[in-house]
Amino acid sequence: MANTLKIRTFEEYQEKYQQSIENPEKFWGEIAEEFQWMKKWERVLDWNFDEPKLEWFKGAKLNITENALDRHLETRGNKLALIWEPNDPKERFVRYTYRELHDKVCQLANALKEMGVKKGDRVCIYLPMIPELAISLLACARIGAIHSVIFAGFSSSSIMDRVNDAQAKMVITADGLYRGAKQIPLKRVVDEALENCPSVEKVIVYNRLNWEPNMVAGRDFKWEEVVDYQSKSCPAEPMDAEDPLYILYTSGSTGKPKGVVHTCGGYMVGTAYTFLNVFQYEESDVYWCTADIGWVTGHSYIVYGPLLTGATTVMFEGIPTYPDPGRFWQIIDKYGVNQFLTAPTAIRSLMAHGENHVLAYSLDSLKVIGSVGEPINDEAWKWYHLHVGKERCAVVDNWWQTETGAVMISGLGNISPMKPTYAGYPLPGVQPVLLNQEGQEIQESDVEGYLCMKAPWPSMLRTTWGDHERCKNTYFSNYKGYYFSGDGAKRDKNGMYRIIGRVDDVINVSGHRFGTAEIENAINTNDNVVESAVVGYPHPVKGQSIYAFVICESEIEDEALMRGAIIESVAREIGRIAIPEKIQFVSGLPKTRSGKIMRRILRKIAEDEIASIGDTSTLLDPQIVDELIAGKL
Ligand code: WTA
């Protein structure tokens with residue numbers, strides 16, 4: 001992408017920001033000109049937050065893969081697009097140039113077509129962090145199929161919910177995956193899910209572990225048998241700017257996870273523009289984001305943002321502590337990584353292993369180091385800045401969400417002022433406000449409020465799959481005329497934002513989002529459980545951990561056994577990533593007279609903030625609070 005889009009000084013940022021607010025259509029229209037469109041838009045933006053109606057570059061035609069791959073072939077055909085580092089450092093790494101990646105994507109795209117996948121069809125992808133995962137996203141986009149990636153830590157029951165909600169026609173998976181010293185099955189989990197997924201006609205299975213998994217005749221096909229013989233060219237399907245590109249399921253405060261829908265045009269412009277500017281990417285740089293493509297960070301900042309920019313993006317299959325806690329730093333030195341993006345939970349876990357592991361590597365190549373996915377505490381920020389960044393690199397703290405598609409508030413490489421624990425300033429085109437309880441904008445500084453947006457941005461969600469009303473109710477109804485993020489934030493006197501965390505019933509465990517209701521439903525599937533209430537509490541490494549208060553039907557004879565059963569039900573319904581760290585058996589829950597659980601009280605108990613529980617006299621049964629405190633784990 002042309003360097004004309006890069007902001008180079010803080011003054012320039014301020015100027016651009018002003019322009020983006022005064023005339024968003026002109027601002028984004030000019031940025032969009034830098035991409036390749038098959039047909040120009042009729043209008044840059046048409047919106048209201050009431051329905052909500054959110055249309056960017058309406059009438060335009062494009063294919064995002066033409067912008068991420070073909071557009072670079074002439075000038076960057078031999079440049080590395082993707083470097084893949086395996087779980088085991090002894091295994092060979094894989095590198096694809098833009099030309100090679102283009103060819104791989106076209107081959108899979110041709111296979112999908114041959115197997116009956118058409119524009120608009122949904123394809124669910126349940127794969128390890130291998131190049132074929134990135135290739136699968138792009139192959140879907142190439143032919144206009146809508147991809148929906150399911151993080152490989154989710155259970156069969158979660159897969160089933162997502163596949164059925166999306167009515168997916170195909171699933172792409174692998175026999176299993178490597179995770180440190182462990183091998184974890186995937187195909188078996190998919191098989192279990194598909195027993196209840198009538199929409200799925202075909203499954204492509206990649207061989208990662210040589211496990212020879214069970215194959216259902218007529219339904220399951222080996223990747224190499226359907227892909228390898230395909231032609232390396234495949235025409236890019238012309239897509240409307242507002243056609244869906246993908247669905248990504250994410251948890252909220254109520255019900256089952258919802259399918260956040262992103263569209264082709266705006267998402268392309270938003271991810272590329274933010275990637276270039278947040279990381280201040282230069283043509284010969286090597287960029288690495290440690291996220292999993294199962295989450296939005298991997299979609300936007302391993303695959304789309306970097307490739308749209310013509311960058312070299314690194315993808316890592318393994319975990320930070322295998323074979324030892326120096327693994328990240330070893331990879332940085334191995335490839336000369338210039339921009340590095342990881343999560344606070346990884347930083348804290350490596351911090352706990354001591355600095356010797358990081359001091360063993362030079363890390364000379366690093367210029368910008370990023371943090372994303374959850375609030376970063378002061379201690380972790382400083383450790384990261386000192387030991388990884390050597391006080392030389394810019395630390396960028398990227399605040400955004402699955403729903404926003406791209407970074408919203410963050411420093412821009414080394415051109416923005418840094419302040420530990422502050423995400424910083426809004427990117428051009430982003431208009432954050434802090435609202436008070438009454439929904440009025442707070443003008444003062446050093447005050448906390450609900451973080452909302454008062455204007456649209458190109459990469460924002462358009463709807464929730466199959467249920468527009470839910471999108472409206474979740475994000476656009478709490479405060480009329482605003483997009484509500486669900487986060488609380490604080491703004492200092494210089495206008496920098498610090499994200500405090502969720503103010504709704506969403507728990508962020510190691511950067512993974514879960515709704516309390518979702519976990520409670522899983523716990524309640526247990527025959528012996530009458531009712532449960534789940535809250536988050538601070539955890540030194542994971543950021544937050546899950547505390548469950550559970551009422552059982554009868555006297556529990558063996559608490560350990562019952563805890564085990566509850567853990568199993570959460571693992572079965574959602575995945576092991578969501579199991580509660582603490583489970584307290586109780587005889588009742590603090591409820592208001594209208595029967596609403598007072599989570600605020602449960603949170604105080606879980607956080608050990610007994611003194612600030614406050615007035616309990618309005619509760620139906622105030623004594624229950626004493627019981628909960630006495631039995632606290
Ligand atoms: C939290 C991940 C503080 C926040 C990109 C948000 C953050 C939720 C930050 C979205 C950050 C993300 N500082 N909190 N830099 N980044 N969050 O959808 O609570 O997986 O609402 O998107 O993570 O999580 P999601």
Side-chain angles (χ1 to χ4, degrees), residues 149-151 153-154 246-253 257-262 267 270-271 274-275 278 289-302 304-305 341-348 369-378 380-381 384 395-411 416 418-427 430 432 448 450-453 459-461 464 474-475 478 483-490 496-515 518 536 538 542-544 577-578:
V149 182
I150 304 172
F151 174 63
F154 280 117
Y246 70 79
I247 306 171
L248 188 58
Y249 285 84
T250 190
S251 300
S253 7
K258 51 194 165 302
V260 166
V261 175
H262 284 293
Y267 182 79
T271 52
T274 51
F275 171 76
V278 167
C289 164
T290 70
D292 192 292
I293 295 176
W295 309 105
V296 76
T297 305
H299 282 63
S300 300
Y301 298 107
I302 295 179
Y304 289 110
L341 175 61
T342 195
T345 188
I347 299 170
R348 287 188 297 258
I369 55 176
S371 166
V372 64
E374 35 167 337
I376 181 162
N377 51 310
D378 195 58
W381 195 100
Y384 196 37
V395 176
V396 291
D397 178 1
N398 306 163
W399 176 80
W400 59 296
Q401 312 177 290
T402 303
E403 295 84 345
T404 70
V407 175
M408 300 290 277
I409 301 180
S410 172
S416 308
M418 285 193 285
K419 184 168 169 181
T421 77
Y422 276 72
Y425 293 102
L427 266 87
V430 174
E448 290 178 12
Y450 300 123
L451 180 59
C452 294
M453 300 293 148
S459 64
M460 72 188 298
L461 88 164
T464 44
T474 313
Y475 307 107
N478 294 46
Y483 164 85
F484 175 46
S485 69
D487 279 321
K490 179 176 171 176
M496 290 177 94
Y497 286 86
R498 173 176 194 221
I499 313 303
I500 295 157
R502 302 292 303 200
V503 294
D504 55 5
D505 291 323
V506 169
I507 307 178
N508 190 329
V509 185
S510 300
H512 303 162
R513 272 169 75 167
F514 301 104
E518 201 185 343
K542 299 176 183 176
Q544 277 190 300
I577 46 177

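Both ligands and their constituent atoms are indexed starting at 1 by order of listing. Remember, it's a predicted structure, so these values are computed and weren't measured experimentally.
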Enquirer: Starting at OG1 of T464, measure out to CD of E403 and round the result to the nearest 0.5 Å.
Expert: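 One gets 10.0 Å once the value is rounded to the nearest 0.5 Å.
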
Enquirer: W400: heavy atom below 4.0 Å from ligand 1, yes or no?
Expert: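 The answer is yes: ligand 1 sits under 4.0 Å from a heavy atom of W400.
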
Enquirer: Just verifying a value: how many Å separate T421 OG1 and M496 CE, rounded to the nearest 0.5 Å?
Expert: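 If I round to the nearest 0.5 Å, the distance is 9.5 Å.
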
Enquirer: For G373 and ligand 1, answer yes if some heavy atom of the residue is under 4.0 Å from a ligand atom, otherwise no.
Expert: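 It does, in that a heavy atom of G373 comes within the 4.0 Å cut-off of ligand 1.
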
Enquirer: Give me the nearest non-hydrogen protein atom to atom 20 (O) of ligand 1 as residue plus atom name, then the distance to 0.1 Å.
Expert: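 Looking at atom 20 (O) of ligand 1, the protein heavy atom closest to it is R513 CD, 3.7 Å.
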
Enquirer: Is any side-chain heavy atom of V149 less than 4.5 Å from a side-chain heavy atom of Y246?
Expert: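 The answer is no, as the side chains (C-beta and beyond) never meet within the 4.5 Å cut-off.
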
Enquirer: Could you tell me whether the side chains of Y301 and T274 share a donor-acceptor contact shorter than 3.5 Å?
Expert: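 Checked: Y301/T274 side chains pair up, N/O donor to acceptor below 3.5 Å.
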
Enquirer: Would you say the side-chain atoms of D487 and W399 include a donor-acceptor pair closer than 3.5 Å?
Expert: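 The answer is yes; a qualifying pair exists.
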
Enquirer: Within the 4.0 Å heavy-atom shell around R502, which atoms of ligand 1 are there?
Expert: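 That gives atoms 6 (C), 19 (O), 21 (O) of ligand 1.
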
Enquirer: Determine, considering heavy atoms only, which of S371, P375, G511 sits nearest to atom 14 (N) of ligand 1.
Expert: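 Nearest heavy atom to atom 14 (N) of ligand 1 lies in P375.
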
Enquirer: Side chain, backbone, both or neither: which part of V296 has a heavy atom under 4.0 Å from ligand 1?
Expert: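 Only the side chain of V296 comes within reach of ligand 1.
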
Enquirer: Check each atom of ligand 1 against the heavy atoms of D397 and keep those under 4.0 Å away; list them by number with element.
Expert: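 Answer for ligand 1: 11 (C), 13 (N), 15 (N).
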
Enquirer: When rounded to the nearest 0.5 angstrom, what distance separates CD1 in I150 from CD1 in I247?
Expert: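 Reported value, rounded in 0.5 Å steps: 10.0 Å.
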
Enquirer: Under 4.0 Å, heavy-atom basis, I'd like to know which part of I499 is in contact with ligand 1: side chain, backbone, both or neither.
Expert: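 Contact part for I499 vs ligand 1: side chain (C-beta onward).
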
Enquirer: Measure the distance from atom 13 (N) of ligand 1 to every protein heavy atom, then report the residue, atom name and distance (to 0.1 Å) of the closest one.
Expert: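 Atom 13 (N) of ligand 1 sits closest to the protein heavy atom E374 O, 3.3 Å.
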
Enquirer: Counting distance only, does the side-chain N/O of E374 pair as donor-acceptor with the main-chain N or O of T345 below 3.5 Å?
Expert: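 Between the backbone of T345 and the side chain of E374 there is a qualifying donor-acceptor contact (under 3.5 Å).
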
Enquirer: Go through ligand 1 atom by atom and flag the ones less than 4.0 Å from a non-hydrogen atom of T297.
Expert: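 The atoms of ligand 1 under 4.0 Å from a heavy atom of T297 are 5 (C).
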
Enquirer: Looking only at distances, can you tell me whether any N or O atom of S485, backbone or side chain, sits closer than 3.5 Å to an N or O atom of ligand 1?
Expert: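 Checking ligand 1 against S485, no N or O pair falls under 3.5 Å apart.
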
Enquirer: Could you tell me whether N508 and ligand 1 have an N or O pair separated by under 3.5 Å?
Expert: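 N/O-N/O distance under 3.5 Å: yes.
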
Enquirer: Measure the CG-OH distance between D378 and Y422 for me, rounded to the nearest 0.5 Å.
Expert: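 Reported value, rounded in 0.5 Å steps: 11.0 Å.
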
Enquirer: Do S300 and Y267 meet the criterion of a side-chain donor-acceptor pair at a distance under 3.5 Å?
Expert: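 Present: a donor and an acceptor within the cut-off.
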
Enquirer: Can you report which non-hydrogen protein atom sits closest to atom 21 (O) of ligand 1, along with the distance?
Expert: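 The answer is D487 OD2, 2.6 Å.
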
